[in-house]
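Start at 1 and go down the list; that is how both ligands and their atoms are numbered.
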Amino acid sequence: GAVPGSANLKQVKLERESELRIEVSEEPLRLRVVNGTAEIFGSELPPEIWRTFPPRMKFAVFTWYGATIEMDGVTETDYTADETPMVSYINVHAILDARRRFAKASTSNDPESSQGPRVIVVGPTDSGKSTLTKMLLSWAAKQGWRPTFVDLDVGQGSITIPGSIAAAPIEMPLDPVEGFPLDMALVYYYGHASPNMNVELYKALVKELAQVLEKQFVGNPESRAAGMVINTMGWIEGIGYELLLHAIDTFNASVVLVLGQEKLFSRLKDVLRSKSNVDVVKLHKSGGVVARVKEVRKRSRNFKIQEYFYGLSKELSPYANTSSFSDLQVFRIGGGPQAPKSALPAGSTSVSNPLRVTPVNIDDRDLLHSVLAVSYAEEPDQIISSNVSGFVYVTEVNVQKKKITYLAPSPGTLPSKLLVAGSLAWLESV
Ligand code: ADP
């Protein structure tokens, strides 16, 4: 009911195992727990403390034992739901937790038994994959584990700019507003919002990332025992399906969680039947997951880029730098979208090498407004096998003066002069 004194203050009483589902409007929303305990996607809210949620955020405040929530602001929608799949999700967590303890207790050097669960979350778009991933990671971190989060979704990246694949150790429950921490992330830049643009490159980068993590695990039994939670993209047909199998195989996944699609579940169960060490588990999609149309998805990609340079609520200001053309080298990988064979002239059999690294003319008009990754590579031929330190955004190309101006999240010269271009552009709307 309404609280006297403030027009937009509202209290909601939640029964045990129910949730308050909220879509924030174009104005931020303040919220706090006044009684009991509640969590947002696995991360517990401290009592009494107001938190501000940014415009358009969609989330649920869930309580295991009952809570009273106070909201200050006008929402797009808010309603209470007592039917959620949360019990089944926490049961998965309990099983993973047992496996982590087993792995940690394993005294042998046997790589098999000292390896914690490697969980991969799959399902169509808007089935709640990212959300389940967050819960599993936050619940694990709450119990003191440091699982590794792996994000393979180039369309809606959670860690950094879209077009990337990335991994990060999760040391504490995720912040319900800020989400995944970027500071310790290992990032590879693919450069496009769909794996379709260059399937071979996507696979190559997934492989690179997996190999680096594998090496890190060797020297770190604790993170090895904590295992991984891998989020994937919602493309599950055709090549998308092949890429899922590729990821399961490349990361040696031991638990495949299938959200919201019977067909995908039964297909995966079938092909993975021969692998006795892989469990395929079907889980219900939450009725709270909000479907996003293509336009919204595109907008949220844009916001993600904006967030990288300006922060979640534009609290940061990026640095504008100008460099001479001669101080930088920009490269592109592959030759754009791969044409299907049928689209090629009769008689020709192959398209250009998808892994070829080619220099881009820096006065290329296409560079204006593009997002470029700053590679850790020392030589151009190491670009595919190198992760990136971050991103810049090209705001001006001056052909006469041979200068390029870009925004960067930190001041000073870039850690490397080798930059990677893709097809991601961003029209700054600030
Ligand atoms: P996917 O990763 O499968 O595309 P997400 O996990 O990103 O799906 O969920 C889509 C949207 O729905 C996100 O904005 C997420 O915050 C929201 N969402 C998920 N679960 C709930 C819920 N129970 N209540 C309200 N919003 C939710």
*Determine the sole option in K269, K282, K285 for which the salt bridge (charged side-chain N to carboxylate O under 4.0 Å, His left out) test with E262 is passed.*
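Exactly one option meets the salt bridge (charged side-chain N to carboxylate O under 4.0 Å, His left out) with E262, and it is K282.
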*asked:* Taking the six-membered ring of Y241 as reference, does the cationic atom of R267 (NZ for Lys, CZ for Arg) lie under 6.0 Å from its centre and within 45° of its axis?
replied: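 So R267 does make the cation-pi contact.
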_Do the side chains of R56 and E23 get close enough for a salt bridge, i.e. N-O under 4.0 angstrom?_
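Salt bridge absent between R56 and E23.
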*What does the list of residues with a heavy atom under 4.0 Å from ligand 1 look like, ordered by chain and number?*
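Lining ligand 1: E19, R21, F41, K58, F59, A60, P124, D126, S127, G128, K129, S130, T131, S286, G288, V289, V290, R292.
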*Out of V258, V122, L259, which one pairs with F265 under the side-chain contact (heavy atoms from CB on, under 4.5 Å) rule?*
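Among V258, V122, L259, the one meeting side-chain contact (heavy atoms from CB on, under 4.5 Å) with F265 is V258.
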*Please determine which of Y202, F391, F331, Y376 meets the ring-ring contact (aromatic ring centres under 6.0 Å, His included) test together with Y189.*
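It is F391; the other options fail the test.
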*Could you list the residues that satisfy side chain to side chain donor-acceptor pair (under 3.5 Å) with R301, not counting sequence neighbours?*
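R301 satisfies side chain to side chain donor-acceptor pair (under 3.5 Å) with no residue once adjacent residues are dropped.
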